[in-house]
Amino acid sequence: QVRLAESGGGLVQAGDSLRVSCAATGTTFNTYSMAWFRQAPGKEREFVAAMSYSNDNTHYADSVKGRFTISRGNTKSVVFLQMDSLKPEDTAVYYCALLRRSTINSGTYYYTYPTEYTWWGQGTQVTVSS
């Protein structure tokens, strides 16, 4: 059984940095890519960042580009999201998700819809105060 567990959320001030982590267990990950989504109260879940398993290619939402960095740990079953220059509008529950593909894109198309991802963690709260 696949299980994703996020950790590292918390309360920070605007301009601060925070790193959240996601550990995946229960399957072999040689064909799965990982991503981060977030959901603020009253809003739909939105894509944040993703990384391909096969070539470490990355893709970011425009709203976080240049401020957030997705990376993997020494084992490809752990993924991090480094968040710098945080803003109050970054406040949300952050979820990691698993894509059943080794790459996050097919040509110029990037997989950024929640329905394209198969497994989800329980989420970790990130709150940025102004």
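Model, not experiment: these values are computed from the prediction. In what follows, every heavy atom counts, from backbone to side chain, and hydrogens, waters and symmetry copies are set aside.
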For [X] and [Y], which heavy atoms make the closest approach, and how far apart are they?
X: Thr103; Y: Ser54; answer: CG2-OG, 3.1 Å
X: Ala24; Y: Met34; answer: CB-CE, 4.1 Å
X: Gly9; Y: Val20; answer: N-CG1, 3.8 Å
X: Thr91; Y: Val128; answer: OG1-N, 2.9 Å
X: Arg45; Y: Pro114; answer: O-CG, 3.9 Å
X: Leu4; Y: Leu98; answer: CD1-N, 3.9 Å

Establish whether Leu11 and Val126 are linked, either directly or via other cluster members, by ILVMFWY side-chain heavy-atom contacts under 4.5 Å.
no

same_hphob_cluster(Val2, Tyr117) at 4.5 Å side-chain heavy-atom cutoff:
no

First locate atom [atom1] of [X], then atom [atom2] of [Y], and finally report the distance between them rounded to the nearest 0.5 Å.
X: Arg72; Y: Thr58; atom1: CZ; atom2: OG1; result: 11.0 Å
X: Ser102; Y: Asn55; atom1: OG; atom2: CG; result: 8.0 Å
X: Ser130; Y: Gln13; atom1: OG; atom2: CD; result: 9.0 Å
X: Arg38; Y: Glu89; atom1: CZ; atom2: CD; result: 8.0 Å

For residues 36-77, which residue pairs pass the disulfide bond (SG atoms under 2.5 Å apart) check, not counting sequence neighbours?
none

Sequence neighbours excluded - disulfide bond (SG atoms under 2.5 Å apart) pairs with any residue from residues 93-130
Cys22-Cys96

Less than 6.0 Å separating the ring centroids of Trp36 and Phe68?
no

When you measure from the side chain of [X] to the backbone of [Y], do you find a donor-acceptor pair of N or O atoms at a distance under 3.5 Å?
X: Ser52; Y: Ile104; result: yes
X: Gln122; Y: Ala5; result: no
X: Thr124; Y: Ser7; result: no
X: Ser33; Y: Arg101; result: yes
X: Ser85; Y: Arg67; result: no

Show every ring-ring contact (aromatic ring centres under 6.0 Å, His included) that has at least one partner inside residues 72-110, sequence neighbours left out.
His59-Tyr110, Tyr109-Tyr111

Can Asp90 and Met83 be said to form a side-chain contact (heavy atoms from CB on, under 4.5 Å), step by step?
CA-CA 9 Å; Asp90 294 318; Met83 302 180 287; over 6 Å; no

Return the orientation label for the Tyr32 and Trp119 ring planes: parallel under 30°, perpendicular over 60°, tilted otherwise.
tilted

State, yes or no, whether a side-chain contact exists between Tyr60 and Thr69 at a heavy-atom distance under 4.5 Å.
yes

Does the side chain of Val79 reach to within under 4.5 Å of the side chain of Ile70, using non-hydrogen atoms?
yes

